[in-house]
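Predicted, not measured: the structure shown is a model, and the values here were computed from it. Remember, it's 1-based here, ligands and their atoms both numbered in the order they're listed.
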Amino acid sequence: MTRATKPMSLTVNDRQVGPVAVPEGLMMQDFLHEYLNLTGARMGCGQGICHACTVVVEEEDGTLAEMRTCIVGAHWFEGRRVRTIEGIAERDTDGAVTDLSPVQQAFIEHFSFQCGYCTPGFVIGATVLLDRLQREPVSREDLEEVITEALDKHICRCTGYIRYLEAVRDVALKTPGLVTS
Ligand code: FES
Ligand code: FES
């Protein structure tokens with residue numbers, strides 16, 4: 001039996017996609033992997049628990065939100081602007097990475113990951129958090145708690161949590177305006 005399709009259009013990593021006929025009920029992760037060959041949003045639990053599969057949704061007011069793609073259908077993203085892990089670093093016109101984002105760089109410098117399977121999700125989560133801190137700075141005293149709360153839902157089976165947290169704390173402290181004294 002063939003599944004019914006519905007057209008969808010969206011923007012992914014600043015690139016207009018669609019309209020493309022997509023089966024109803026197809027999860028966003030499968031759309032990214034199978035239709036766009038963007039495989040960085042990892043399949044972990046497939047049940048909305050581990051957050052290895054998240055992407056950034058760029059809201060109309062310019063704020064960023066984190067969204068799981070294993071439990072959210074592709075059509076929910078209709079008309080939205082999405083940034084996947086492949087779109088976080090700066091790239092040149094040939095698509096080669098020229099500059100990692102501050103979060104990506106900090107994860108490397110802090111040896112935050114081991115197998116790296118969870119890392120795209122942590123990058124997405126930290127990117128969304130730092131974006132929020134630009135609008136809602138926190139005190140130095142509250143910083144660790146805020147980071148822990150934001151990244152708590154991300155599961156790392158290699159248990160590299162502390163180094164992820166330290167890396168994000170480093171970026172937050174080094175970026176002007178995110179932390180009040
Ligand atoms: S794979 Fe999506 S939350 Fe685990
Ligand atoms: S580094 Fe292996 S799961 Fe997190």
Side-chain angles (χ1 to χ4, degrees), residues 3 6 8 10-13 17-18 20 22-59 63-89 97 99-132 143-172:
R3 276 160 92 181
K6 207 163 85 177
M8 67 176 276
L10 72 168
T11 305
V12 180
N13 301 335
V17 173
V20 54
V22 176
E24 289 180 9
L26 188 80
M27 288 299 131
M28 182 58 165
Q29 187 177 55
D30 295 322
F31 176 73
L32 292 172
H33 287 205
E34 305 298 332
Y35 286 68
L36 304 184
N37 199 26
L38 295 172
T39 56
R42 302 286 191 220
M43 170 55 84
C45 64
Q47 298 177 349
I49 297 166
C50 73
H51 286 67
C53 63
T54 58
V55 295
V56 176
V57 174
E58 299 170 352
E59 306 282 12
T63 61
L64 307 184
E66 189 179 4
M67 192 59 65
R68 287 164 289 181
T69 59
C70 71
I71 56 165
V72 180
H75 285 100
W76 184 87
F77 293 84
E78 163 69 29
R80 296 180 195 264
R81 294 183 61 84
V82 171
R83 189 159 299 279
T84 67
I85 187 64
E86 291 87 349
I88 296 289
V97 171
D99 268 317
L100 295 176
S101 76
V103 167
Q104 290 172 313
Q105 190 61 43
F107 283 175
I108 289 174
E109 287 168 8
H110 283 262
F111 301 98
S112 299
F113 50 88
Q114 294 173 58
C115 78
Y117 200 81
C118 65
T119 308
F122 273 91
V123 170
I124 297 290
T127 301
V128 170
L129 168 64
L130 293 168
D131 170 72
R132 173 159 63 90
L143 181 61
E144 283 194 26
E145 193 183 328
V146 168
I147 296 172
T148 305
E149 204 178 7
L151 298 185
D152 201 34
K153 49 193 180 293
H154 287 267
I155 293 176
C156 171
R157 295 186 64 159
C158 302
T159 67
Y161 297 105
I162 296 299
R163 289 179 177 184
Y164 276 131
L165 297 186
E166 286 173 352
V168 177
R169 184 184 59 196
D170 228 32
V171 178

>> Measuring only between side-chain heavy atoms, which start at C-beta, is L100 closer than 4.5 Å to V97?
In response: yes
> Looking at atom 2 (Fe) of ligand 2, is one of the N, O or S atoms of C115 less than 2.8 Å from it?
Replying inline: yes
>> I need the atoms of ligand 1 closer than 4.0 Å to a non-hydrogen atom of C50, numbered in the order shown.
In response: 1 (S), 3 (S), 4 (Fe)
> Do T69 and L32 have side chains that get closer than 4.5 Å, going by heavy atoms?
Replying inline: yes
> Does C156 bring an N, O or S atom to within less than 2.8 Å of atom 4 (Fe) of ligand 2?
Replying inline: yes
>> Evaluate R3 against E24 for salt bridge (Lys or Arg N to Asp or Glu O under 4.0 Å), listing each step before the verdict.
In response: CA-CA 7 Å; R3 276 160 92 181; E24 289 180 9; over 6 Å; no
>> At less than 4.0 angstrom from any non-hydrogen atom of G48, what atoms of ligand 1 do you find?
In response: 3 (S)
> Among all protein non-hydrogen atoms, which one is nearest to atom 3 (S) of ligand 1, and what is the separation to 0.1 Å?
Replying inline: H51 N, 3.1 Å
>> Show me which atoms of ligand 2 lie under 4.0 Å from any heavy atom of C158.
In response: 1 (S), 2 (Fe), 3 (S)
> What do we get for T54 next to ligand 1 when only non-hydrogen atoms under 4.0 Å count, side chain, backbone, both or neither?
Replying inline: neither
> Which ligand 2 atoms does Q114 reach within 4.0 Å, using its non-hydrogen atoms?
Replying inline: 1 (S)
> What atoms of ligand 1 come closer than 4.0 angstrom to any heavy atom of G44?
Replying inline: 1 (S)
> Which word best sums up how the rings of H154 and F122 line up, parallel for under 30°, tilted for 30 to 60°, or perpendicular for over 60°?
Replying inline: tilted
> At the 4.0 Å heavy-atom cut-off, does G116 count as touching ligand 2?
Replying inline: yes
> Given side chains that start at C-beta, do those of T54 and M67 come closer than 4.5 Å, heavy atoms only?
Replying inline: no
> Just by modelled atom types, is the M8 backbone N or O under 3.5 Å from a matching donor or acceptor in the H75 side chain?
Replying inline: no
>> Angle at atom 2 (Fe) of ligand 1, SG of C53 to SG of C70, rounded to 10 degrees, please.
In response: 110°
> Is any side-chain heavy atom of V56 closer than 4.5 Å to a side-chain heavy atom of V82?
Replying inline: no
>> Before we go on, tell me: are the rings of F107 and Y164 under 6.0 Å apart, centre to centre?
In response: yes
